S.K.: 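Please find one structure pasted underneath; my questions will follow.
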Amino acid sequence: MSVGVTRGVALRGISGHLVDIECHVGQGLPCFEISGLPDTALRQAPQRVRAATISAGISLNSRQLTFNLSPAAIPKHGTGFDLGIAVAALAACGELPVDAVRPVAHVAELGLDGRLRHVAGVLPAVLAAQRAGCEQVVVAPDDVTEAQLVEGVRVCTARTLEELVRGYSRIARGGRYPEAAARPHDPSACEDGGRRLDLADVSGQHEALAALMLAAAGGHHVLLNGPPGSGKTMLAERLVTILPPLTREQALETLAVRSLVGAMPTSGIDLQPPFVAPHHSASVAALVGGGTGVVLPGAVSQAHHGVLFLDEAAEFGGAVLQALRQPLESGQVVIARAREQVAYPARVQLVLAANPCPCGEGHGKGLLCRCRPTERRAYAARLSGPLLDRVDIQVQVPKVSLAELHEAPSDSSAAVAERVLLARAAQRRRWEAHGWQLNSQVPGPVLRRAPWRLPSVTTSGLDRALDLGQVTLRGYDRVLRLAWTSADLNGRPTPSATDVGLALMYRTQGAVAA
């Protein structure tokens, strides 16, 4: 047999395509050619594969090898095709059973000594293989735990290419390639740092705590505006402690993104919503994704199904903040390149924290503020109107007084989380038949039409604000969503005028003062 075929996975974002790795052994001068739109790392595979096979006791140097990665029109990236290329070549040369390797997906890099090495993106690759009907994958030992998160796929491994060849030789003798043993769970490796945080640690800030509970119940975006040291970061970090745990499907989506950037947890699946807080010097590519060659996900996608916290939001670049506008509306980031278009999920809760002015003392009467009026206006303008129009809750976070410091602790995260769960259950019962889970996901026109339209006596204040130009139509819809969440938290079947008034107040009161 002069042709050997096995499988690999070509990733595009967190989705992937099963790829046939075909190898033909021809007559003629030795060569090693790869076709099928390989990138630079993949074009360097011949050197790694030749050295690895020699380490396994088999030489390919005298062969004329031609590889095709089919479908050839899909761009292929990275070193994860190394193992599949080596297996296809060995099958074509008669060293491996052709029928045994054909249905198996191989995802690993090869070292020059023949060892199988970790590659980024194993979880989305195995998920793509499973969706395409592949029943067995071979990965590096370091990637076994990650690959075993996908149900319905046999995960196999080998430390070296030589060990892999011996495993396949058992199949030729009527045996079966052994499945990788599951690694025991190590509780000490669990990333539970965020779970040790608690809302009870916060002193005072009753209004901000109520706003945080409202945001968690309905999935709303938040702006915390206040002087330095008032507790804005402390509040934002504790938002994830009152969010419901992720479902397994949501956790796999989140981990698939983290796998692409090499940030997988060592403890396997993690059901806690992610919390991502990029530095204010982050670029557009770092926040929404991009890069040369391989398009990697940014911070907004790494926070998928969790919280994206932008501390010192006014210090972020203007272009960086504007890049968030489309993901906040659509729940995904679409990055276009000349040869491909990559989409990453980005359904996040955005939390912005900002000072009232550059010196931070422009709160209250502002007697200690050292900023000129022009500086304060320029600082406020950094958070543009179109961005703030997408933020449902804008709340002031004043300095904590001595009396508040000695008050009894606020409700714990566990107690608040129970109220959030009840409110979300009410939303799910209301909207599940329409394909939505949270009030923040419901389109505005739905809330403005029967049977969900509120009576005019309830929305009179909001209607007047729209007539006076105090809110946009997008803002009008967002106030309605927030009012429904307030009603759900208070156990009311429909929002009252108080709920609408509260939502309208949160909509406008926390904007950075000009």
Side-chain angles (χ1 to χ4, degrees), residues 208 211-212 214-225 232 236 239 243 276-278 280 282 284 287-289 298-334 344-354 380-396 436-448 462 465-466 469-486 500 502-512 514:
L212 216 62
L214 195 61
H220 305 284
H221 308 310
V222 186
L223 166 64
L224 302 173
N225 181 40
K232 302 186 295 294
L239 177 57
L243 293 176
V276 179
H280 59 73
V284 174
L287 192 64
V288 300
V300 68
S301 295
Q302 294 173 45
H304 183 52
H305 291 311
V307 175
L308 176 66
F309 176 46
L310 302 187
D311 199 5
E312 304 294 345
E315 301 297 335
F316 280 79
V320 175
L321 292 175
Q322 298 310 310
L324 286 174
R325 288 159 56 177
Q326 181 265 337
L328 291 181
E329 287 292 316
S330 65
Q332 69 172 357
V333 174
V334 180
Y344 286 112
R347 193 161 295 283
V348 302
Q349 276 191 257
L350 177 66
V351 180
L352 303 170
R382 295 182 185 180
L383 297 180
S384 68
L387 177 63
L388 292 180
D389 203 32
R390 290 163 168 81
V391 179
D392 301 341
I393 301 175
Q394 303 174 20
V395 62
Q396 293 283 353
W436 308 303
Q437 297 291 322
L438 298 174
N439 291 327
S440 60
Q441 299 170 359
V442 182
V446 173
L447 295 177
R448 288 185 268 112
L462 178 57
L466 181 64
Q470 295 173 349
V471 296
T472 63
L473 182 57
R474 178 191 286 119
Y476 187 99
D477 292 339
R478 288 184 175 273
V479 169
L480 290 178
R481 294 169 185 160
L482 194 58
W484 277 96
T485 302
S486 176
V500 176
L502 179 69
L504 183 59
M505 179 199 69
Y506 275 134
R507 179 76 188 168
T508 56
Q509 72 149 353
V512 179

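Since the structure is predicted, the reported quantities are computational estimates derived from the model, not experimental observations.
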S.K.: Using the salt bridge (charged side-chain N to carboxylate O under 4.0 Å, His left out) rule, collect all pairs that involve residues 308-326, keeping only residues at least two apart or in two chains.
M.R.: Glu315-Arg382
S.K.: Apply side chain to side chain contact (heavy atoms under 4.5 Å, CB included) to residues Val446 and Trp436 and explain how you reach the verdict.
M.R.: CA-CA 12 Å; Val446 173; Trp436 308 303; 3.8 Å; yes
S.K.: Can you list the residues that meet the salt bridge (Lys or Arg N to Asp or Glu O under 4.0 Å) rule with Asp477, with sequence neighbours excluded?
M.R.: Arg448
S.K.: Within the 4.5 Å heavy-atom criterion, are Val442 and Trp484 side-chain neighbours or not?
M.R.: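 They are not in contact (no side-chain heavy atoms under 4.5 Å apart), so the answer is no.
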S.K.: How far apart are the closest heavy atoms of Ser384 and Gln322, and which atoms are they?
M.R.: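 Scanning both residues, the minimum pair turns out to be OG-NE2, 2.8 Å.
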S.K.: Evaluate the criterion side chain to side chain contact (heavy atoms under 4.5 Å, CB included) for residue pair His221 and Leu328; output intermediate values, then yes/no.
M.R.: CA-CA 9 Å; His221 308 310; Leu328 291 181; 3.8 Å; yes
S.K.: Taking the side chain as every heavy atom from C-beta outward, state whether Asn439 and Leu447 have any atom pair closer than 4.5 Å.
M.R.: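 Answer no - side chains too far apart.
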S.K.: Compare every heavy atom of Leu243 with every heavy atom of Gln349, then report the nearest pair and how far apart it is.
M.R.: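 Shortest heavy-atom separation between Gln349 and Leu243 comes out as OE1-CD2, 3.3 Å.
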S.K.: Any ion pair linking Arg474 and Asp392 (charged N to carboxylate O, less than 4.0 Å)?
M.R.: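 Salt bridge between Asp392 and Arg474, a charged N being under 4.0 Å from a carboxylate O: no.
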S.K.: Less than 4.5 Å apart, side chain to side chain, heavy atoms only: is that true for Val320 and Leu310?
M.R.: no
S.K.: To the nearest 0.5 angstrom, please state how far the CG atom of Asp389 sits from the CG atom of Leu473.
M.R.: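 Those atoms lie 9.5 Å apart.
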S.K.: Considering all heavy atoms of both residues, which atom of Pro327 and which atom of Val333 are nearest to each other, and what is their separation?
M.R.: CG-CG2, 3.7 Å
S.K.: Given the rule in the side chain to side chain contact (heavy atoms under 4.5 Å, CB included) test, do Val395 and Leu212 qualify, once you have shown the distances and angles that lead to the verdict?
M.R.: CA-CA 10 Å; Val395 62; Leu212 216 62; over 6 Å; no
S.K.: My understanding is that only residues two or more places apart in sequence, or in another chain, count here; which of them pass salt bridge (Lys or Arg N to Asp or Glu O under 4.0 Å) with Arg390?
M.R.: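 By the salt bridge (Lys or Arg N to Asp or Glu O under 4.0 Å) rule, Arg390 matches Glu329.
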S.K.: For Ser440 and Gly219, work out which heavy atoms get closest and say how close.
M.R.: OG-O, 3.2 Å
S.K.: Between Val479 and Val500, what is the shortest heavy-atom contact and its length?
M.R.: CG1-O, 4.1 Å
S.K.: Considering only heavy atoms from C-beta outward, does the side chain of Leu383 approach that of Val391 to under 4.5 Å?
M.R.: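 No, side chains not in contact.
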S.K.: How long is the gap from OG on Ser330 to CZ on Arg347, to the nearest 0.5 Å?
M.R.: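 Reported value, rounded in 0.5 Å steps: 7.5 Å.
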S.K.: Which atom names give the shortest non-hydrogen contact between Leu321 and Ala313, and what distance separates them?
M.R.: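 Smallest interatomic distance, heavy atoms only, reads CD1-O, 3.6 Å.
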S.K.: Rounded to the nearest 0.5 Å, how far apart are CG of Leu214 and OH of Tyr506?
M.R.: 6.5 Å
S.K.: Between the side chain of Thr485 and the main-chain N/O of Arg481, is any donor-acceptor distance below 3.5 Å?
M.R.: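 At least one qualifying donor-acceptor pair exists.
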S.K.: If you round to the nearest 0.5 Å, how far is CZ of Phe316 from CG of Leu387?
M.R.: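 Separation between the atoms: 11.5 Å.
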S.K.: So, do Lys232 and Leu223 sit near enough that their side-chain heavy atoms are less than 4.5 Å apart?
M.R.: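 When only atoms from C-beta onward are counted, Leu223 and Lys232 do not touch, as no gap falls below 4.5 Å.
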